[in-house]
Amino acid sequence: MLDLDFNLNEFCGKTDDELALIAKNDKKAASTLVFRYSKLIFIKAGIYTVSDTDSDDLRQEGLMGLLRAIASFDIHRGVKFSTFAEVCIVNQMKTFLAKSRKNPIPCESLDDISADSISEEETPESIYINKEFFSELWYAVDNILSEKERKIFSLCIQGMSYRETAEKLGISEKAVDNAMQRARRKIHAYIRKY
């Protein structure tokens, strides 16, 4: 299991915007952002969930949305990372639900996000549970995926399409799709064990 205490101490004075820029090349900074946004992912998954299975899947999708937000954040767009991350997390969840249910749910724009979206009261227990869950999940993603799956997963969460990923790696789109499906199954299985 990863120990996030070093991240919290090392990066506690940094804003989310600063961390997002550092996190593009620093796993410790990315882990700190994952910890900071774990509550938002849990809240949003709770809002959109219909069953226990949905909740696990939505948390996984939320994490992928957050990782995409980290990879594609551009401070020069004039949008705070917190706003951008929330939109990415929610849209990733809604896209997953629309695909899995064939029932589209409109995605949010940056203008639709309220500033008080993380308003539930934190307790020491919830902080500890979220910290443990996401630190272990972040570590698991690095360790349970094969090298090929990690490469493909990384490119896809950075916003590359399956076609772009296939071209970059010199493989077929089907190989990219298969690797992403395996990665999702492994991550989902890990989440279910938790």
Side-chain angles (χ1 to χ4, degrees), residues 1-4 6-7 11 19-38 40-42 44-45 52-74 81 84-85 87-102 107 130-194:
M1 173 181 22
L2 278 180
D3 178 13
L4 280 183
F6 67 90
N7 292 346
F11 296 114
L19 267 177
L21 296 175
I22 297 167
K24 292 178 185 293
N25 300 310
D26 187 321
K27 286 186 180 186
K28 292 177 187 178
S31 294
T32 302
L33 279 173
V34 168
F35 171 69
R36 286 185 183 179
Y37 284 82
S38 63
L40 175 64
I41 292 170
F42 270 82
K44 293 298 182 179
D52 289 339
T53 305
D54 277 352
S55 182
D56 290 343
D57 290 339
L58 288 173
R59 279 187 245 142
Q60 175 184 339
E61 292 298 321
L63 177 61
M64 288 177 58
L66 176 59
L67 295 175
R68 275 198 174 122
I70 292 168
S72 59
F73 178 67
D74 181 359
F81 178 76
F84 182 66
V87 169
C88 290
I89 290 165
V90 167
N91 286 347
Q92 184 81 23
M93 289 178 181
K94 287 182 176 181
T95 299
F96 169 78
L97 289 172
K99 285 180 182 176
S100 67
R101 295 201 178 104
K102 307 291 185 229
C107 291
N130 289 342
K131 178 181 173 182
E132 288 295 306
F133 176 79
F134 280 101
S135 66
E136 287 182 16
L137 181 59
W138 187 250
Y139 181 76
V141 167
D142 253 1
N143 291 298
I144 62 175
L145 302 182
S146 69
E147 183 178 340
K148 180 179 180 180
E149 291 164 348
R150 263 193 316 274
K151 281 181 186 175
I152 291 170
F153 183 77
S154 176
L155 291 172
C156 288
I157 65 167
Q158 290 175 36
M160 291 182 100
S161 68
Y162 283 11
R163 177 177 292 159
E164 293 166 331
T165 302
E167 289 171 5
K168 182 171 178 98
L169 297 177
I171 58 177
S172 70
E173 263 186 81
K174 185 63 179 164
V176 172
D177 181 51
N178 289 342
M180 282 299 290
Q181 293 304 321
R182 285 191 309 273
R184 286 176 190 258
R185 278 194 302 274
K186 288 178 180 179
I187 293 168
H188 181 73
Y190 179 83
I191 289 172
R192 293 207 116 177
K193 284 193 308 187
Y194 196 86

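Nothing fancy with the numbering, it's 1 onward along the sequence.
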Are [X] and [Y] side-chain neighbours, meaning at least one heavy-atom pair lies under 4.5 Å?
| X | Y | answer |
| --- | --- | --- |
| L19 | R36 | yes |
| E173 | D177 | no |
| F81 | I70 | yes |
| R182 | L145 | no |
| L97 | L58 | yes |

List the atom of [X], the atom of [Y], and the distance in Å for their closest heavy-atom pair.
| X | Y | answer |
| --- | --- | --- |
| I89 | G62 | CG1-O, 3.5 Å |
| K24 | A71 | NZ-O, 2.9 Å |
| A175 | K148 | CB-NZ, 4.3 Å |

Does E61 pair with R184 as a salt bridge, N-O distance under 4.0 Å?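 Yes, this pair counts.
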
Interatomic distance, [X] atom [atom1] to [Y] atom [atom2] [nearest 0.5 angstrom]:
| X | Y | atom1 | atom2 | answer |
| --- | --- | --- | --- | --- |
| L33 | D26 | CG | CG | 10.5 Å |
| S172 | R163 | OG | CZ | 12.5 Å |
| S38 | R59 | OG | CZ | 11.0 Å |
| M93 | L63 | CE | CG | 9.5 Å |
| N178 | Y162 | CG | OH | 9.5 Å |
| L40 | L66 | CG | CG | 8.5 Å |

task: Mind running side-chain contact (heavy atoms from CB on, under 4.5 Å) on M180 and T165 for me, showing each step along the way?
output: CA-CA 11 Å; M180 282 299 290; T165 302; over 6 Å; no

Q. Taking the inter-plane angle between the rings of F73 and F84 on a 0 to 90° scale, is it parallel (under 30°), tilted (30 to 60°) or perpendicular (over 60°)?
A.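 The rings of F73 and F84 sit tilted, inter-plane angle from 30° to 60°.
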
Set out, in order, the CA-CA distance, both residues' side-chain angles and the distance that settles salt bridge (charged side-chain N to carboxylate O under 4.0 Å, His left out) for K168 and E164, then state yes or no. CA-CA 6 Å; K168 182 171 178 98; E164 293 166 331; over 6 Å; no

- [ ] Please answer whether the main-chain N or O of Q92 pairs with a side-chain N or O of T95 as donor and acceptor at a distance below 3.5 Å.
- [x]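 A pair under 3.5 Å: no.
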
